[in-house]
Structures are given as C-alpha cells and as structure tokens.
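Excluded from the calculations below are hydrogen atoms, water molecules and symmetry mates; all remaining heavy atoms, backbone and side chain alike, are included. Residue numbers begin at 1 in each chain, while the letters A, B, ... track the order of the sequences.
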Amino acid sequence: MDRSADINYCRNIINVIVIMKYNPKEIENKWQKYWQEHNSYKTETVSDRPKMYILDMFPYPSGEGIHVGHLKGFVATDVYSRYKRLKGFNVLHPMGWDAFGLPAENYAIKHGVHPEISTAKNIANIKRQLMSVGLSYDWDREINTTDPEYYKWTQWLFLKFFEKGLAYKKMLPINWCPSCKTGLANEEVVDGKCERCGTPTTKKDVEQWVLKITDYAEELLDGLEDIDWPSKIKEMQKNWIGKSEGHEINFIISDKKVPVFTTRLDTLFGCTYLVLAPEHPLISELNIENKEEIEEYINKAKNKSDRERISEVKDKTGVELKGIKAINPINNKEVPVFIADYVLSHYGTGAIMAVPAHDERDYDFAKKYNLEIIEVIKTKGSSTEDGILINSSDFDGLKSEEAREKIGEIINAIKKVNYKLRDWVFSRQRYWGEPIPIINCEKCGAVPETNLPLTLPKVEKYEPTGTGESPLAGITEWVSVKCPKCGGRAKRETNTMPQWAGSCWYYFRYLDNKNEKAFIDKEIEKKWLPVDLYVGGAEHAVLHLLYARFWHKFLYNSGIISTPEPFKKLRNIGLVLAFDGQKMSKSKGNVVNPDAVIDEYGADTLRIYEMFMGPFSQAIQWNDQGIKGVYRFLNKLWNILSEPNEESSPEVKVYVDKLIKKVEEDLEKMKFNTPIAFFMEFVDFVSDKKLGKKEVEKLLVVFSIFAPHFCEEIWGKETSIMEEEWPKINEDLIKDETVDIMIQVDGKLRDKVEFSVNSSKEEIIKEVKERENVKKWILGKEIKDVVFVPKRLINIVLCAE
RNA sequence: GCCGAAGUGGCGGAACUGGCAGACGCGUAGCACUCAAAAUGCUAUGAGAGUAAUCUCGUGAGGGUUCAAUUCCCUCCUUCGGCACCA
C-alpha cells in the first residue's frame, strides 16, 4: 500500500467521526433483532381494525437459496403491507414453505441424505435470507407442507374429494416422464416435455388417482368474471378450460349410431368424410376389409410421443376403413370413414364430421388423400368464418348462425358444451410427497385411511422404480395392512400426491396454523378470506392458480367454507433478468445473490433498488450501476434527514404534503418505482432550503415502508416507527393558487405563463395576446377559435391560409 | 396457426381521463476538491440548425379521428409470453 492510500484511509476515518455517516451494516442487524424481540410483525387474528390479507406465493426451499428475482415480489408485498399497516389495517403477511417435490428427493438419491434433513437446512438458510432483508412476516404463522401436522389436512381434504366421488382411480394413458419416472398432469407437460426436467414425455397406461376438475369447468370459468386478476392470466385459464358450444349429431355406420360433436352444424352439407380417433371403440365392432392395415395404424399411433404428434400437425396421417360408409343425417349421403390420429379420443365423442372446405385440418387431410371438397358457406374473409349458406338444399341463403339452429331442429341435434380441460392426474410414483390416504382392499375396494396423518415412512432407497410403482411399494410392513372395513387383507396406496397438493390450500392454514381440530376455524375463515392481494410469478397460471381455485370452489360448494374465490386480487412479478438480459440460472452463472448485495450496500439499498428498477410486473435487467445510484441517494437523504432545522420553510411544508399525497396515490395503484423517484426529486428540491423536524418525522414514517432500518435509526424514539400512523396531509395547504398555463398556437407550444387558478379564459387570452412569443405567431392572422382547458392550456387556432 | 402483452434518448424507465414527451436513475462529457486517483459536489446531456433568443424534427412503420395523439381507431412490422390438431 502506498502513502496516498494511507492518507485516503485516514481521511475516510475522519469523515466517519465528524459526521455520522449512513452505515447500513451497523444499523440493520440491530433493528432486525429489535423487531424480532418486540414481535413487531405479529398479527392479531381478532382486531377492531379492518383486515388485509397480503400473500406471497410461498417458495420452494431449494439448496441455492433465493435470488434477487424472488425478492422483488417479496419486497413489493412487504412495502405494501407496511403501507397498509400504517394506514390502519390489520395486515396479515405470512410466509411458509412449499417443500415437497423432486429436487429434495433427487438430492436424496444422489447423496443419501433424507429429504427432511436437506429441506430443513434449506429452509433455515432462506429464512435467514428473508430476515436479512427486513421483510415483515409474522413468523409465528410459518407453515411447511411437509410437516405431518400440515399434510394431515392435505390428506383430510383429499378424503373429502374421495367422499364426494371427485377423487377416483382409473386406468389411463397418461403423460409419463421417463427421466423422473413418474406420471404427470396435463398442466405439467410443456411443449411435449416434462415441466421439471425437460425430458420429452411418453404415453403410458397406468392406474391413476384422478381429481375430477372437469366437473368445475363452468364454475372455474364463471368465477374469473368477479376477480381482479391480470387479463393475461384470466385469458390463459379461459383458454386452458377451452369451452366450446355446439351440437352432437348422429351419423350412421352399419346401422350403428355414431355421435359426432361439431360447433359448425351449418357446414353439415359440406361433410365429405368421417374420421374416428384410433382409440374409438366402434372400430373393433366393424367388419372392415383392411383390418390388418388398420390395426397397424392404431398401434403406431398409440406409441407416438406428444412431441411426435405435435411435429405432425402439418402432415396428417390416416387410413380409410374399407367397406365402411357413414350416412349423413341431413341428406342421407354416404361418405367414406377414416381413422386418423389428428382426431383425439378424449375430446368430444372421439369422432368428427370432416368439412374440408371450411376447416383447415380437414382441408390438409383431404388434400393429402384426394378427398372431395364441397364449399357450403360463402364468407367474406377466411373460409373458416361464418357466412351465408350455399349448396345446402333448402338452407341456402341462411346465415351460419340461423342455419345451425334450423338444421339442429330438423335432425334432432342435441346442444352440447365441450371443454378442453381434462381431469387432473393426481398420483405420482415418487417418494417425497404426501401419501395418498387410501387402503386398497380386495373385497371392499378403495377404503379411506381415517387415522391421519398417514406419515411418510422412512425408506432406504428413494430411487423411483420406473415400473409405475412408487418407492413406498417396497416397504412391505407399511404396505400390508388390515382393511379398516372388513378386517381382511389389504394394501396401502403407495402413490404420493403431486407437488401442487400442499399449495392448493396453504392460504387457509396461515390463518389458523396451530389448529388441531380442523384445517381452519370456520369463523376465522369467514373473517379473513379471500386473500386481498396475492403476488407471484405468472408461470403458475394454469397450474397452482387453477388447482387452488378448484379446491376452493369444491370446499365452497361442500359448505365447508364461505367464499367462492380464494384470491381477490392477483398481481404478477416481472422477472429480474441478469446483466446479459437472460434469465438468471445457476448453470449460466449469472445469478445475483442478495447476500452479496446486502453485504456491500445493505438491505435498504437492495429493497429500494428492487422497487426502483422499473414497474414491478415487468421483466427488467439487473444493473449493478443502478444499485450504486440508489446507495448514493440514501446517503444524501440520510444527511438531509439526520440534521433537521427547528422549522421548515413554507414551501418545504407544502412540498412534503404534496409528496406524501403522490406517494399514496401511486402505492394504491401498486406502483413502487415512481414514489422512490419522488423522494429523489425531494432531495434535490430541499438541498438549498430549510427542512424542519416535523416534516422529517412525516417523511420518515412514509419512507419507512421502503427503508425500514434506515428510518427506524433516524427516528430514534422509544417506540418503533412501525407503530406510527400514515401522516395526515393538509389538503388546503397543498391547493395550488397559481398554475402554469401552456400557450399553444395551432396546437404548437409557444409559451408558458403563470396564472391564478381562477383566471378566466378571457383574462388569459387578453394577457397572452400581448406576449412577444405569441404575438409573432398570430400577427396579421385571423383567430378562428380558442380552446381553453382550465388549469392546463389554451390553444389559439388560426384560420388556415 | 390462434390468443395475449409490449415497442419512448446510449441504457432502465416517467407522462393523470387525449393537453409541457423524455420525470427519476444509470452512463457519458466538462468543471471543482486532490500531488494523483477513488469518493463526493456542481453543470451539461433526444437529434439537427443557430453566438443567442429561438426554430424544425422526434414516442416501431404507414394512414385516420381531433384545436391537440406516446395515449383513441385502422393496416402493417418487430419482440416477448402462452396455447398448439380441442372439430
């Protein structure tokens, strides 16, 4: 080290001694301890104040801890919670752990550490991280989905579904991940690949527990009307449920009725062939000439993966059933019959009437196999739109909509609604999940295990078997039980629940997390639900958010709870991208760890940067320089607020009240970036003015929602700043007496003049006309009109030459 | 292909209900402090013209409505997210 560095070092020390500098390291630990010791974040279940339930999507306790992206949402809800507390609400702001799932189990397989142990370790680490940011969670209400006292109720709720016949066992061709060696729900297959590991999924026939979410399709759709959610998420759920209204009609094949679903009954005269799904049960009953060819096709179709099917969208395959014809009910015309895997067995009736002239898929197929194409609708735009009927005998000239009605009447078509939504495959062949509390008895069938919790037994090997059985199947002493009903030999269900089970109802449990008699007390539920604000990532749109609504609606319909929807208002967090504009991920090595940021700048700087970087529902790149800017701002603000004058100058008083009002307005709109900008402007404004004690106190209370440690330290009173109230502002004081009026000539800004707010149009025009900047534009021209917007502008409109 | 969201300086972004485009921050440049650097402070910073006052252009592209458009309407382009043979 050279001499100059020494001098510099000495100077810095002198600085610290002379002025009390902002030193986050010193103050943050102190206050975190204080808040914890004083139970500052505790929420009373019963209170006179109005309730406000502000909820984060709880994290999965991964080994890497949380990164700054997770924190963005947590900080936003924390700021909002602190704001609402100061505003007099009884705020519930809890946190917990969604801890069942594959990573912990995979870790166990690799290292032989029980998931319970690794999970506990990870939770401790993340909890430490959350506390180091000064997040105001009521930790007395902490929950953990892997705690038997918690999953006892997950199991109990499953049995409710079972009692009502909404949980049933079925042999199904399900999505199977060959790498995770487990079945998956539809929602967990993204782009033909496993949502967890990215391996292409295959089809496998496995006996599965299924939850009948399809019974709730209509309600799940309707409920969207009444909730304040981003339209994007609503739209995704709508599309996922995929309601379509149409008719079911019968074609006749070999004297047998073959029902077909269509939304375009108006195109019935254009039907030139019929297509059955390869799995259609009728096929085996027919006397087909080319039986072998058909069987070969069916086998091939069966073994296709989702990816293969997707890649074949533009190149459809199929085989004609030779010697078979179908009769069209409207005109008794005979049309050929095909099987093709572009027709899905699980949707509608598994059979379609093909109208190649007005359906793209049928068109592709007809072109390929040289089938007849008959145009029956005259359309203005694309051939698949509604229009006017032609080539349709008596129905010619009718509009599509009328034709659907009329044709429907004549052939006795049944009106029918179909949904894309399919039942929820609910069992997983893995270890680290809630055991399904069912005993399979040879005599009595599936019998509920009522002695809950049914705890997850310890096993030696976590490895999935790959046979379609879970690792639990290997523990004979656990599996073999007596049937609770007949006492005979029976076996436990060895499948576990999917990772989404625990999160379907966790928002109830925070409210009453120690209740041993019920999953929630009825009165508490009535008082506290729905959740007022729910914040999390958009990736859960058709997973957690759909599943949770389903469970909630089921409980509501069963009379167990009193609210029809769980989450009144939902907002999505925008991703925090790495410096390179890419998603943060461990493998790319571009993850920003909050621990490092706090170590360098402190928690308050991190909090404010997370909020200041941009609108919180937007994806934004992390920028190290930006944090420095926030740190600079906090240093300036620290110096300004820590040495106040006795009394503020009058313009400062007004400014502060205006500032508070603007901050409040933006917070109500969930805007967190602009309030911070207002404070930055204030720093600049006040630098050459007098700021008094009273205003400092107001500012500290308001700013404490963003920088709690910082404000608590300057506050320096006996009681915590958290116990204060949001400052009242003097509306009379902040009313402007004068305003700047924009002066436009022909819509172009030419001048700006200060007037009293009450100035009339005439007064303003008179004065403005005399101003040089205006005169030169209107000189010698005729004024056609003057537009006056009070308190804003006047626009002098001239006659065009 | 279908559905949804979004395009504003060198960068992140701001702009109420159609009414000053570019707040605030970053970066950059200059200056001050310093032997020097860092830190800090001050000034400037959309493009072009002009010594200046000021003017012209400017919110993805083109058109429209309006006294007035980043904001409303139409067409198109680009990016991102979702769905993907759902009859």
Separation of A5(B) atom P from Ile620(A) atom CD1, nearest Å, is 19 Å

Angle class for the Phe365(A)/Tyr342(A) ring planes (parallel below 30°, perpendicular above 60°, tilted otherwise)? tilted

Taking only side-chain nitrogens and oxygens of Asn673(A), does any of them come within less than 4.0 Å of OP1 or OP2 of G12(B)? no

Between the protein and nucleotides 25-33 of chain B, are there any N/O to N/O pairs under 3.5 Å, and if so, what are the atom names and distances?
residue: C26(B); atom: OP1; partner: Arg632(A); partner atom: NH1; Å: 2.8
residue: G27(B); atom: OP1; partner: Gln625(A); partner atom: OE1; Å: 2.6

Test log, rule ring-ring contact (aromatic ring centres under 6.0 Å, His included), inputs Tyr22(A) and Phe710(A): CA-CA 8 Å; Tyr22(A) 175 45; Phe710(A) 176 104; 5.3 Å; yes

Discussion item. Asp684(A) vs Lys636(A), test: salt bridge (Lys or Arg N to Asp or Glu O under 4.0 Å). Steps then yes/no.
Written reply: CA-CA 9 Å; Asp684(A) 190 43; Lys636(A) 284 186 226 172; over 6 Å; no

Contacts under 3.5 Å, N or O only, protein and nucleotides 46-49 of chain B:
none

Contact string for nucleotides 66-79 of chain B, one letter per nucleotide 5' to 3', B = base within protein heavy-atom range under 4.0 Å, S = sugar-phosphate only, - = neither, reads -B------------

Re A14(B): Watson-Crick or G-U wobble partner, both distances kept under 3.5 Å, found to be none

Under 4.0 Å from OP1 or OP2 of A87(B): is there any side-chain N or O of Tyr342(A) that close? no

| said: For a quick check under 3.5 Å, do Glu385(A) and Thr379(A) share a side-chain donor-acceptor pair by atom type? | reply: no

G9(B) glycosidic conformation (syn if within 90° of 0, otherwise anti) is syn

By nearest-heavy-atom nucleotide on RNA chain B, the more 5' of Gly350(A) and Leu793(A) is Leu793(A)

For C80(B), does either OP1 or OP2 sit under 4.0 Å from a side-chain N or O belonging to Lys232(A)?
no

